[in-house]
Structures are given as C-alpha cells and as structure tokens.
Amino acid sequence: MHHHKERIHEWISNNQTKATQLLQKVVQEESTQGNEGSAQAVIIEKCRELGLQIDIWEPSISELTTSAYFVSTRKNFINSPNVVAVLKGSGGGRSIILNGHIDVVPEGDHNQWDIDPYSGEVKNGRLYGRGSTDMKGGNIALLLAIDAIKGLGIKLKGDVIFQSVIEEESGGAGTLATLLRGYKADAAIIPEPTNMKIFPKQQGSMWFRLMVKGRAAHGGTRYEGVSAIEKSMSVVTHIEQLEKKRNENIDDPLYANIPIPIPINIGKISGGTWPSSVADTVIIEGRMGVAPNESLQAAQAEMKNWLTTLSLQDSWFEHNPVDLEWFGARWVPGTLNLDHELINVLSSKYRLIMNEQAIVEASPWGTDGGLLSQVGDIPTVVFGPGVTEVAHYPNEFVELDKIFQTAEIIALTVLEWCGVIEENIE
C-alpha cells in the first residue's frame with residue numbers, strides 16, 4: 001500500500017489548483033433551500049468527467065412520508081435534485097458511501113461580511129464564502145479523493161458511492177431519500193467540518209414548542225390575573241434543571257472536552273398582547289439535544305414527564321399544564337463502536353498523512369450520519385476539513401490545505417476499505 005501513499009500525495013499536489021477552482025464554482029452557486037439545482041449541476045459535470053454512474057432525481061414527498069424519519073416543511077423538491085454517483089468496483093470488496101450535503105444556510109446580513117458571501121474568494125490559503133466550510137469543502141475533498149484514484153488508474157474491488165444530498169440543514173430528507181432508493185454500503189464517511197477530528201458518535205436534536213398559560217386582567221389590577229410571563233420564567237428554570245440532570249448522566253470519555261454534551265437551548269420566546277394587560281399566553285421554542293445512544297422517543301418522554309412535575313412546585317400548573325409540541329426539524333443521533341474497523345482504518349491513514357494521532361471525539365451537533373446509521377444500519381463516521389467555529393457565521397471560510405490533506409486520508413481509507421486489484425507497478 002505504501003507506494004499508493006506517495007502516488008496519491010503527488011497526484012493531489014499536482015491537482016490543487018483544479019480542485020480549488022471546482023470548490024470556487026460550487027461556492028459561487030447559492031444553494032440555499034429550494035435553489036440547490038445550479039450547485040448540483042457543477043457536481044454532476046464533475047461526476048461525468050470522472051465517468052461515474054450517475055443517478056439524479058428530485059425526491060418524492062409521497063415516498064418520503066412512508067418513513068417515520070421524514071421531516072420537512074416543503075411541499076415538493078422541484079429544482080432540488082439529489083445526486084448519487086457510483087465508482088463501480090470489480091466485486092469482492094467492501095463498499096463505502098461518501099456523503100456530503102450541497103445545501104447551505106442563508107448568508108444573513110451582507111453588512112457583516114467583508115466579502116461577497118458567494119464570491120469563493122481565495123486569500124492566504126483560505127477560500128471564503130457561505131458553505132465553504134459547511135460543507136462544500138468536504139464535498140470537494142471527496143471528489144478529489146475519487147479523482148486521484150481514477151487518475152492513477154487504481155482499480156477497486158468494492159463500490160464507492162458518492163452522494164451530494166439536499167436538505168441536511170433542515171432535517172435530512174435528502175439522505176433519507178438515498179436510503180429509500182436503496183443505496184446502502186458497508187461503511188460511510190461524512191466530511192462535515194470536524195477540524196479533522198474523527199466523530200464516531202453524534203447527538204441528535206429535536207425542536208419543541210411550549211405553551212404557558214396565564215389569566216388575563218387589566219394591568220391596573222394585575223393581582224386579579226395570572227401572568228404567563230412570570231409562569232414562563234419558572235418553566236425556563238425547570239428546563240435548565242432538566243438539562244443539568246440529563247448531562248450529569250453522561251460519562252462518555254468522548255465528551256470529556258465538551259462542557260454540555262447534550263444541551264437544551266431556548267431559542268425563541270414570545271407572549272403577551274399589550275403593555276397594560278396581564279399576559280395570558282407565552283410561547284417558548286427550543287432545541288433538545290439527544291444522546292448518541294438514546295432514542296428520540298425516550299428523550300421526548302423525559303421532557304413530557306419533567307414538565308408534569310411543575311405542578312409539584314406551583315399548583316397553578318395542575319389545572320393549567322404546559323402544552324408541549326414537537327415540530328419542525330429533527331436530527332437522529334448516531335453511534336459507532338470505537339473498535340469498529342472503519343475507525344481503525346481512518347485513524348491509521350490520518351496518522352500516515354498527518355504524522356500524529358487522530359483526535360476521536362463526539363460530535364456537538366447533528367448530521368445525516370444518524371440517518372445512515374439508524375435507518376440504513378450503515379457504520380458511519382464524521383470526519384472532514386473546516387471548523388465549526390465559522391460554519392453558519394459571516395465570513396465563513398475553509399483552509400485549502402485541510403481539504404487536500406482530507407482528500408489524501410479519504411483516498412487511502414477507500415483503498416484499504418474497498419480493496420485494490422494489485423497490478424504490477426514497475
């Protein structure tokens with residue numbers, strides 16, 4: 001295998017400019033939700049150039065709704081194609097899915113950006129733009145790895161299944177659609193921005209909405225009413241205690257450096273109608289983290305039971321319980337055994353290229369990995385260039401060197417995982 005390391009390193013070094021230009025082209029296409037088509041066209045063109053077997057389709061809502069894991073606010077996926085491109089092996093090897101999402105979160109206020117968010121501008125070894133880190137940089141690393149394997153004429157035994165999916169940022173309908181279409185493999189890698197750490201575990205998350213009830217009255221005789229705003233303060237405190245309780249139970253060493261492994265975030269609050277009236281309703285919306293080995297249902301039940309204990313502190317909640325509703329996006333948690341061979345192979349290739357041990361941690365956010373592992377039963381690892389600290393922020397960027405290193409590591413991982421038909425190399 002060692003001669004492959006040198007050849008792949010050399011090939012990727014010689015093709016850095018081409019890869020950077022490809023990333024630039026993909027970042028310049030604004031692939032926010034509903035507008036993914038033009039960025040996917042750039043990806044499709046590259047897959048054609050690589051001679052892969054290409055499957056392009058707009059996922060069907062009616063097919064997706066057959067799965068309990070489907071969440072989406074969309075009525076259809078017109079102009080939002082999924083793309084899967086397969087490098088067929090000769091047979092007799094293990095297969096691997098290389099999965100990345102093409103969708104990006106909106107760029108937000110342009111005044112907070114120092115450059116045009118869709119410029120793909122390169123300076124000081126960094127490529128800037130919305131989606132550069134999350135996760136177009138990772139996607140290009142995957143294509144570069146496949147490009148190197150093809151370019152060097154290396155023949156694999158197992159299949160490599162490259163996936164460029166939609167909808168990761170809003171709950172994973174794109175990846176779910178690939179599973180329903182029958183794409184499975186013996187392993188999967190998702191190059192989300194882990195800063196090249198290896199994440200075998202990831203938390204899930206769910207959005208919730210609480211309705212806190214009060215009783216209206218005139219502000220001048222406010223003592224005749226019950227303020228939903230005051231009651232909501234004790235609800236928020238109560239939820240903070242649930243977060244504390246849930247996190248005290250987590251002793252996984254992979255979470256050692258993460259202050260709150262599975263946070264519960266209150267992200268939105270609104271209520272009341274008039275400054276001189278006692279508020280009779282407050283709506284609280286938030287996001288509940290789910291542990292890697294916990295089911296969404298168990299987490300939901302725990303939240304529900306916890307809210308019923310409010311009445312032990314305050315009798316108001318006995319007859320006016322808080323309404324709990326689960327809505328919007330959710331991400332399935334995922335976990336992979338630490339002694340799984342995929343982690344061993346990836347870690348050893350990391351060490352080979354980076355000359356240091358890989359850091360193995362648990363992911364602080366959800367990805368499509370949970371769907372691949374829970375719905376597809378596919379052993380999945382999250383590992384990629386880019387850092388979370390700039391994802392979803394203004395002036396998002398990715399370090400180009402990290403993309404090239406990731407591509408080398410993934411290429412070597414694929415060779416070992418899928419198996420190579422050794423030819424006599426003079």
Side-chain angles (χ1 to χ4, degrees), residues 8 11-12 14-59 77-89 96-104 116-122 127-154 156 159-169 174-175 177-178 181 183 189-191 368 384-386 398 400 403-404 406-407 410-411 414:
I8 280 174
W11 195 95
I12 286 176
N14 293 338
N15 285 273
Q16 289 186 359
T17 308
K18 218 170 80 173
T20 303
Q21 285 165 348
L22 180 61
L23 177 57
Q24 216 162 10
K25 265 172 84 173
V26 182
V27 169
Q28 283 164 358
E29 299 300 336
E30 181 190 326
S31 53
T32 46
Q33 190 182 46
N35 308 306
E36 304 89 346
S38 60
Q40 290 288 48
V42 178
I43 299 287
I44 292 162
E45 187 186 357
K46 181 65 187 175
C47 292
R48 287 212 170 105
E49 180 200 309
L50 289 171
L52 306 178
Q53 291 182 9
I54 305 174
D55 183 10
I56 307 161
W57 79 102
E58 292 169 350
F77 292 100
I78 292 166
N79 300 328
S80 300
N82 251 354
V83 178
V84 175
V86 181
L87 174 61
K88 287 297 286 180
I96 194 163
I97 285 172
L98 303 176
N99 170 297
H101 66 85
I102 196 74
D103 55 312
V104 301
D116 180 307
Y118 297 105
S119 63
E121 187 180 310
V122 175
L127 189 145
Y128 286 82
R130 173 54 85 231
S132 54
T133 245
D134 185 11
M135 63 174 282
K136 291 174 175 178
N139 295 356
I140 297 313
L142 298 178
L143 286 169
L144 187 53
I146 296 170
D147 208 347
I149 292 168
K150 286 279 294 195
L152 292 166
I154 300 169
L156 298 174
D159 295 348
V160 179
I161 302 163
F162 169 77
Q163 303 183 336
S164 180
V165 299
I166 58 170
E167 292 288 290
E168 188 276 341
E169 296 289 1
T175 289
T178 67
R181 205 166 172 91
Y183 288 105
I189 298 174
I190 302 184
D368 279 353
V398 65
L400 293 166
I403 293 176
F404 307 138
T406 299
I410 287 178
V414 165

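What's counted below: heavy atoms across the whole structure, side chains too, no hydrogens, waters or symmetry copies.
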> Which heavy atom of S80 sits nearest a heavy atom of G34, and at what distance?
Replying inline: OG-CA, 3.6 Å
> For E36, what residues pass the salt bridge (Lys or Arg N to Asp or Glu O under 4.0 Å) criterion, not counting sequence neighbours?
Replying inline: R74
>> Tell me the closest heavy-atom pair linking I410 and A145, and the distance in Å.
In response: CG2-CB, 4.0 Å
>> Which residues pass the ring pair (Phe, Tyr, Trp, His ring centres under 6.0 Å) test with Y128, not counting sequence neighbours?
In response: F397
> Nearest 0.5 Å, what's the NZ-CD distance between K136 and Q28?
Replying inline: 10.0 Å
>> If we check side chain to side chain contact (heavy atoms under 4.5 Å, CB included) with S31, which of these qualifies: V104, V26, I43, V42?
In response: V104
> What closest approach, in Å, do A411 and I149 show between heavy atoms, and which atom pair accounts for it?
Replying inline: O-CD1, 4.0 Å
> In Å and rounded to the nearest 0.5 Å, what is the CD1 to CG distance from I146 to L156?
Replying inline: 9.5 Å
> Where do D103 and Q33 land on the side-chain contact (heavy atoms from CB on, under 4.5 Å) test, with the steps shown first?
Replying inline: CA-CA 6 Å; D103 55 312; Q33 190 182 46; 5.9 Å; no
>> Side chains of Q40 and S164: any donor to acceptor distance under 3.5 Å?
In response: yes
> With a cut-off of 6.0 Å (strictly less than), are more than 12 heavy atoms of other residues, nucleotides or ligands near CD of E45?
Replying inline: no
> So, do L400 and L23 sit near enough that their side-chain heavy atoms are less than 4.5 Å apart?
Replying inline: yes
>> Quick one, L52 and V160 - any side-chain contact, counting heavy atoms below 4.5 Å?
In response: no
> Is any side-chain heavy atom of E168 less than 4.5 Å from a side-chain heavy atom of T175?
Replying inline: no
>> Please find the pair of heavy atoms, one from I97 and one from Y183, that lie closest to each other, and give the distance.
In response: CD1-O, 4.2 Å
>> Quick check: closest heavy atoms across V84 and Q163, and the distance to 0.1 Å?
In response: CG2-CG, 4.0 Å
> Hey, does L50 have a side-chain heavy atom less than 4.5 Å from the side chain of F162?
Replying inline: no
> Does a side-chain heavy-atom distance below 4.5 Å link K88 with Q53?
Replying inline: yes
> Looking at G386 and T133, what are the two nearest heavy atoms and their distance?
Replying inline: CA-OG1, 3.3 Å
> How long is the span from the SG atom in C47 to the CG atom in L87, to the nearest 0.5 Å?
Replying inline: 10.5 Å
>> Distance check, rounded to the nearest 0.5 Å: I8 atom CD1 versus L144 atom CG?
In response: 10.0 Å
> Taking side chain as C-beta onward, heavy atoms only, is T20 less than 4.5 Å from F404?
Replying inline: yes
>> With heavy-atom distances below 4.5 Å as the criterion, would you say the side chains of H101 and D134 are in contact?
In response: yes
>> By the salt bridge (charged side-chain N to carboxylate O under 4.0 Å, His left out) test, which pairs, at least two apart or in different chains, include something from residues 138-152?
In response: K46-D147
> Between atom CZ of R181 and atom CG of N82, what is the distance when rounded to the nearest 0.5 Å?
Replying inline: 8.5 Å
>> Less than 4.5 Å apart, side chain to side chain, heavy atoms only: is that true for P59 and I166?
In response: yes
>> With rounding to the nearest 0.5 angstrom, report the CD1 to CD distance, I102 to E167.
In response: 13.0 Å
